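Encoded as structure tokens, the structure appears first; notes follow it.
Predicted model, so just to flag it, every value in this text is computed and none were measured.
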Amino acid sequence: MKNKGILAFAISVSLIAASAGNVFASGGGAVLSDPGAAEGKHFDPKGKLPSSFTIEIQQALRKSLPLSDTRDFDEAKKGFIAAPDYKQIQAEAGNVAWDMASYEWLLQDKEFDSIHPSLQRQAVLNMAYGLYEVVPDKIYQVRGFDLANISFIKGDTGWIIFDPLTAKETAAAALKFVNEQLGERPVVAVVYSHSHADHFGGARGVVTDEEIKAGKVQIIAPEGFMEHAVSENVYAGNAMNRRMFFQYGVLLPRSPFGHVDQSIGKNTAAGTTGLVPPTVYIKNDIEEMTVDGVKMIFQNTPGTEAPAEMNTYFPDLKTFWAAENITGTVHNIYTLRGALIRDALEWSKQINIALYKFGQEAEVMFASHSWPRWGNERIQEIMRSQRDIYANLNNEVLHLANQGVTINEIHNQYKPPKSLQEQWSAHSYHGSEQHNSRAVVNRYLGYWDGNPATLIPLSPRETGPLYVEMMGGADKILKKGQELYDKGEYLQASEILNKLVYGEPKNQKGKDLLADVFEQIGYQQESPSVRNSFLAAAFELRSGIPTGASPKTSGPDVIRAMSTSLWLDFLAIRLDSEKADGIHFIINLVTPDNDEKYAVELNNSTLTNIKGYLADKPDLTITINRSDLEQVMMGAISMDEQIDAGKAKLEGDRKPIDQLKTMLIQFTPDFELMPGTKKGESEKVERNAFEQEPLAVTDGG
């Protein structure tokens with residue numbers, strides 16, 4: 001890159017990289033390195049280089065962006081202590097859990113026209129790798145070991161860890177490296193800032209059950225943490241995981257033409273995810289606690305970036321921990337993999353509370369992603385820019401909506417004010433102005449635009465053939481689509497080519513041209529989530545749904561943490577209603593070891609349950625300890641085996657449980673997101689009938 005800040009930072013990071021020495025041998029897994037990335041070679045034989053129109057757009061952006069503001073680069077490298085002598089971290093399963101080396105092509109002095117220049121800047125900033133000092137002799141961070149940062153606060157006797165990453169392996173490596181560099185200290189507490197997996201999943205890499213039972217370690221979390229850590233990703237988990245292949249570019253090679261960054265970090269570790277339950281909950285809006293001699297003031301911020309989340313202020317250090325509420329990006333109001341719409345106004349208000357309660361005196365601000373900020377003036381600047389961008393997003397979108405701008409128009413009209421566009425912290429990397437603005441309309445007005453023609457829309461597979469016929473056939477659409485592509489009118493081209501692909505899913509020429517269009521649109525995106533979605537769709541249109549390592553979703557800890565109600569609810573989602581037609585039964589389920597009871601009823605091809613009640617005349621009563629039911633939920637043992645072992649006792653007619661087994665569908669995350677991309681039948685999933693399917697990944701929010 002020609003920009004001084006980016007170049008200087010890239011050189012400093014590359015020197016750290018060069019000093020890291022040999023790397024571990026790759027064990028495969030989800031890391032898809034591209035050997036041609038450094039030479040600018042496209043990984044896909046059908047892939048296209050940036051068009052002249054895309055290059056022109058990128059060059060114009062380089063002139064319009066505030067690239068002269070290089071403070072983020074100074075802050076991102078401040079406090080650097082050391083980098084480890086490795087770039088890869090192995091997972092216990094034998095695959096590569098983490099690989100920073102696969103992104104080192106970003107550290108060249110080169111402008112990539114296949115990457116939005118603002119995104120390239122962010123991608124270089126996220127190459128920071130190693131141990132950093134945040135507050136002298138008190139607070140440290142390891143960055144570049146996972147999607148999130150892991151933070152270490154020095155207490156009187158040991159480490160207090162904030163957010164132990166996604167995976168056991170990366171968290172353990174970070175703790176080991178910190179102890180090597182700063183001296184061996186025990187872990188005395190772990191704080192989960194919120195309920196997304198990249199902030200709790202690696203806890204087993206830094207603490208053990210024995211230490212917790214002995215009272216040597218506290219696990220501190222906001223109220224509602226356990227409920228939301230599990231419930232947010234259960235009901236639509238299979239669909240969310242499939243959609244995550246697009247948002248996170250899971251199977252895109254790491255390349256200037258593929259995956260370059262994930263905005264709040266490089267990527268998600270592909271290691272072992274667990275869930276260690278909290279021992280202490282923060283319940284009040286503002287709550288003080290002293291842990292191992294360190295005074296903390298917690299600010300609960302539910303309904304912001306996560307349903308359960310909290311900031312923390314260290315008054316003796318004048319240091320503010322912003323969790324994932326304030327990072328180097330505008331976050332998702334709507335997450336493309338799928339999640340409930342968030343409240344942009346509430347998010348803004350909670351930042352404002354933090355600004356007035358803690359930001360007036362804070363001299364350091366650090367967070368679970370991105371890099372710290374120092375100096376009160378700088379901290380207030382960042383707090384205000386993030387407060388204002390979320391408020392502006394909410395208020396300006398509703399301002400336009402109240403003048404008749406619909407959900408299908410808002411993304412083409414909403415723009416932040418110029419003053420915010422000129423501040424890097426108000427740029428939409430993790431979110432995007434397009435999908436976040438539509439989310440605000442959806443939150444308040446829903447998905448309907450008010451036109452009755454869109455109230456009961458035909459499915460795309462039904463409208464596709466009609467459009468193809470009315471436009472005069474595939475050849476005419478291809479010709480016009482190519483004309484639009486050649487003129488750089490990519491969104492217009494996608495509009496008609498998408499109709500063709502839905503009308504004729506086997507038309508490979510149509511799919512290839514639509515892929516070319518999607519690719520150019522992807523290159524032009526500032527948000528990696530949007531970029532990845534277009535590029536992953538292009539990849540699948542050209543080659544079909546790729547096979548490869550699926551992201552690891554939920555380990556036994558997460559399943560164990562599920563409530564019985566959630567498990568029963570998901571059995572109801574898995575029910576094939578056609579197979580259940582005409583069948584009625586009532587099952588009482590009793591779990592004596594936790595004193596719970598449920599009435600489960602199949603009626604009208606619908607399975608329902610109610611906690612705390614038992615039916616007077618059930619067809620069947622099942623009595624099983626919750627601890628034994630968990631083994632069934634995890635798939636370690638079948639319900640029939642528990643019955644045979646006497647751990648599940650049946651009273652009444654066992655026919656309902658046998659019927660229910662035959663009615664439950666096993667979901668697989670290989671359905672088409674784009675038509676004509678599935679190569680064959682779904683691979684049959686062999687699971688026990690009552691085993692809980694993997695939960696969705698919530699990494700990155």
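Counted within 6.0 Å of CD on Q360, heavy atoms from surrounding residues, nucleotides or ligands total more than 12; the atom is thus considered enclosed.
Listed by chain and number, the residues in a ring-ring contact (aromatic ring centres under 6.0 Å, His included) with F358 are Y313, F320 (sequence neighbours excluded). Annotation: ring-ring contact (aromatic ring centres under 6.0 Å, His included) contacts of W567 (sequence neighbours excluded): none. Legend: residues meeting side chain to side chain donor-acceptor pair (under 3.5 Å) with Y281, ordered by chain and number and at least two apart, are absent. Listed by chain and number, the residues in a ring-ring contact (aromatic ring centres under 6.0 Å, His included) with H194 are H196, H199 (sequence neighbours excluded). Residues satisfying the ring-ring contact (aromatic ring centres under 6.0 Å, His included) test with Y140, not counting sequence neighbours, are none.
A salt bridge does not link K266 with D198: every distance from a Lys NZ or Arg NE/NH1/NH2 to an Asp or Glu carboxylate oxygen is 4.0 Å or more. For D292 and K154, the salt-bridge test fails: no basic side-chain N is under 4.0 Å from an acidic carboxylate O. A salt bridge does not link K213 to E210: none of the charged side-chain nitrogens sits closer than 4.0 Å to a carboxylate oxygen.
Among residue pairs with one or both ends in residues 172-183, those qualifying as side chain to side chain donor-acceptor pair (under 3.5 Å) are W159-N179, K176-E180; sequence neighbours excluded.
Side-chain contact check for D569 and N609: at least one donor-acceptor pair (N or O, by modelled atom type) lies under 3.5 Å. A side-chain donor from one of R384 and Q380 sits under 3.5 Å from a side-chain acceptor of the other. A side-chain donor-acceptor contact under 3.5 Å links H259 and Y103. Of the N and O atoms on the side chains of Q141 and S151, at least one donor lies less than 3.5 Å from an acceptor on the other residue. Using a 3.5 Å distance cut-off with no hydrogens or angles, the side chains of H331 and N325 do not pair a donor with an acceptor. With hydrogens and angles left out, the side-chain atoms of Q88 and D99 include a donor and acceptor closer than 3.5 Å.
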Worked verdict on E75 versus R373 for salt bridge (charged side-chain N to carboxylate O under 4.0 Å, His left out): CA-CA 6 Å; E75 291 164 336; R373 272 74 180 219; 3.5 Å; yes

